[in-house]
Protein chains: 4
Amino acid sequence: MTTTDSPQNGGRRPQRADARTNRERILTVAEEVFGKGGESASTEEVARLANVGIATVFRHFPTKAALLEAVLVQRFDRLRAQAEALLHATDSGTAFFDFFRLLVADATGKIAIGEALQQAGGNDSGDAARASDGLRRAVGALLQQAQRAGAVRDDAELPEVYALLVATSRASAHGRLEEEVRDRMLAIVFDGLAPRRASRRR
Amino acid sequence: MTTTDSPQNGGRRPQRADARTNRERILTVAEEVFGKGGESASTEEVARLANVGIATVFRHFPTKAALLEAVLVQRFDRLRAQAEALLHATDSGTAFFDFFRLLVADATGKIAIGEALQQAGGNDSGDAARASDGLRRAVGALLQQAQRAGAVRDDAELPEVYALLVATSRASAHGRLEEEVRDRMLAIVFDGLAPRRASRRR
Amino acid sequence: MTTTDSPQNGGRRPQRADARTNRERILTVAEEVFGKGGESASTEEVARLANVGIATVFRHFPTKAALLEAVLVQRFDRLRAQAEALLHATDSGTAFFDFFRLLVADATGKIAIGEALQQAGGNDSGDAARASDGLRRAVGALLQQAQRAGAVRDDAELPEVYALLVATSRASAHGRLEEEVRDRMLAIVFDGLAPRRASRRR
Amino acid sequence: MTTTDSPQNGGRRPQRADARTNRERILTVAEEVFGKGGESASTEEVARLANVGIATVFRHFPTKAALLEAVLVQRFDRLRAQAEALLHATDSGTAFFDFFRLLVADATGKIAIGEALQQAGGNDSGDAARASDGLRRAVGALLQQAQRAGAVRDDAELPEVYALLVATSRASAHGRLEEEVRDRMLAIVFDGLAPRRASRRR
DNA sequence: CATGAATGAGCGTTCATTCAT
DNA sequence: TATGAATGAACGCTCATTCAT
């Protein structure tokens, strides 16, 4: 990665690169800022930390909501990619649980993000909802695979599983949950997801 | 004997009835408003819906934060009372699960309230934190009883159990969770909390 | 002259005593409160420190301005009484300077009071202006006496002398003027007021 | 060399002209408004009279206090410059008195300004206090020069002289002092500051 | 295309004053 | 008559968004 990072570009030509760079830097900063302070964080702070003028932010994202949505889309897409990568893992039995753990750990301390997982679920009909759906479908695929592999009980369906995923990740995002507590919380959930009774283990 | 039922009323003090009514109406409305819109809801809306002037709200609660805190305290206390009532239930085995279900159902649609459960856990050293602690302790008592009765696995400790309670209630508060999905989500968690068949988990 | 001066007096029997007490306590407290914080001090604080309800303050003084005016009247009258007392002093030469010093010292730390001396001079046509005039006249009498006694230059007239009185008392009221500095400031003014050696000044 | 006279303008920066104009108009208006109504005048009135939105005022001065401070600094600096200019006057004997008169005349009708002279003396550790100190020092220099020139008595020290300056300028600012009265008031003070004839009484 | 100045609606809060008891 | 609750206008300040350069 070449880091041109110089914000005010003496040169005339390659402005496009700058714009792209700016857009990305804004997105990155926004994810951090909104992650930390929820959506109550100000757009101006995003601009400041991204080293761009406020108007530049609004040029790239016409609305604060649009910026938030872009952050979410990015996040959802990233998570979906991770989920899809795990679809091809050798041990398809544990892939589901790995992803569950990964998502929850990733959410730690990122307030608004966890929130958004939820809101985007039912809120917008926009891009974020679409991206959220993508993630949800990927999780569904992981779930099915795990069920086929006998690692997850057959009667667990996506809605409640997804709800649990969201719930635990939000708990991890907001609270002061220590890592150990978080793990024990997940252990309980995972036990609840384990195949019932007779056919134990894989 | 005056007929006023005002409890802290050593001497005479008329009209207190009106003030009490207002205070309670404000609290009720605030619970609803903040429940719906999070803490970003405006104090003025509370005033409007409570049919009082804005200054009246501030007379009763000197600060928006104080109003929010009062809402939380009220809520925590109410829940704690319910928890404590269940402590004396005949079937101490199911009391714990009943309360879990109750709390989660109660949270449905009340955004900020679920949030608050969490925030108050680590936030203030104020009344809300105290009330939150009270609830937590009551849940702890229910948990212990359930464990003694063999209805909950012994190795589950309060921190993770409480985290699950909070997580699922928030999921219920925010999302569009249908009742059926919510129940199935809880079923999974409850299975995870059930005593282990053999000697699982270390 | 019997001075029942209590304005609204339809009451039945002895209530008067209470009302009088309240009125006076309010006035006393108001002098202190406004003296300290200027007129920006709140009426409610006056009520609190006077141990009466806010409505009681407004019963006695229908307006904040009226309360302030009453404070001023009281103060002006008191000062006038002191000035008039000094009119009968044995050494009529120093009486003027004694009063000057007294007034300035009395103003120390009493922000709004000094201010009021001035404002009332040109402001209202109300009671305060009347009382202010009374004080001013008394000072005029002291000045004349001192001039007759040869203690003050003859060409000094009341307007500028009074202006100096007000100016120095305000300086004393507001600033951090140490006592010593205040005395040296007055010494200069007093020297300026002393009879001219030869035929100075025009 | 760009033609902009903006001092801190390393690179390019257009439109700054507008902002500067606004800033200055706000300051000017603020001096007038606060001069007239004291610090109780509202920031919104400043905005209105300056023909800018309220937010523009707050963009330039992040706080009402900051705006007030800027007004004071401007005023102090202006006065200090005048004082320093007089330091190089031919007749160093009368320079001191000229400045005294100038300052008092300048304060006429500007309520809060005179007040500020005083408050800034002991108040903030901020810019206003620094500027106030600068003025005070300049006055000190004028005083010393006048004393060396034999135009002011030697035993007069800065604290009391400055106190007199402040006192008389405030009197001039607040009261309805006619010009003639003001001059006679100053004449008395100036006589008090004149070198002592022989050995004056006690 | 990037900038930062400008904007106004809105928020939390205060306070003199009025009302009901 | 004394009380304290109620009120709304006003204030200082913030922020998403628009405008001019």
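A, B, ... follow the sequence lines: proteins, then strands. Residue 1 opens every chain.
- For the pair D:R23 and D:F61, the minimum side-chain heavy-atom distance is below 4.5 Å.
- Going from atom CZ of A:R48 over to atom P of E:dT3 covers 15 Å, rounded to whole Å.
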Per-nucleotide protein contact string for nucleotides 9-16 of chain E (B base, S sugar-phosphate only, - none; heavy atom under 4.0 Å): B-SSBBBS
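- In this structure, A:K64 and A:F34 have side chains that are in contact, with non-hydrogen atoms separated by less than 4.5 Å.
- Separating the CG atom of C:N51 from the P atom of F:dA2 is a distance of 14 Å, rounded to the nearest angstrom.
- Taking atom CD on A:E45 and atom P on F:dA16, their separation rounds to 11 Å, with Å as the unit.
- At E:dC1, none of the side-chain N or O atoms of A:N22 fall inside 4.0 Å of OP1 or OP2 (strictly under the cut-off).
- Taken to the nearest 0.5 Å, the CD atom of B:E45 stands 9.0 Å off from the NZ atom of B:K36.
- Residues B:F76 and B:R130 form no side-chain contact, since every pair of their non-hydrogen atoms from C-beta on lies 4.5 Å or further apart.
- Note on D:T56: every side-chain N or O is 4.0 Å or more away from OP1 and OP2 of E:dA5.
- Between D:R25 atom CZ and E:dA5 atom P there is a gap of 15 Å when expressed in whole angstrom units.
- When C:L27, C:T21, C:T28 are each tested for a side chain to side chain contact (heavy atoms under 4.5 Å, CB included) with C:R25, only one passes: C:T21.
- None of D:N22, D:V52, D:V29 except one satisfies the side chain to side chain contact (heavy atoms under 4.5 Å, CB included) rule with D:V57; the exception is D:V52.
- The side chain to side chain contact (heavy atoms under 4.5 Å, CB included) test with D:V33 is passed by exactly one of D:V46, D:T43, D:I26: D:V46.
- Annotation: C:E32, atom CD; neighbour count of heavy atoms from other residues, nucleotides and ligands within 6.0 Å does not exceed 12.
- Of the two residues near DNA chain E, A:H60 and D:G53, the one whose nearest nucleotide lies more 5' is A:H60.
- Every residue two or more places apart in sequence or in another chain that forms a salt bridge (charged side-chain N to carboxylate O under 4.0 Å, His left out) with B:E24 is listed here: B:R20.
- At the phosphate of F:dT1, OP1 or OP2 sits under 4.0 Å from a side-chain N or O atom of C:R59.
- For the helix from E:dA2-F:dT21 to E:dT21-F:dA2, the end axes, each set by the C1' atoms of five terminal pairs, are bent relative to each other by 20° (nearest 10°).
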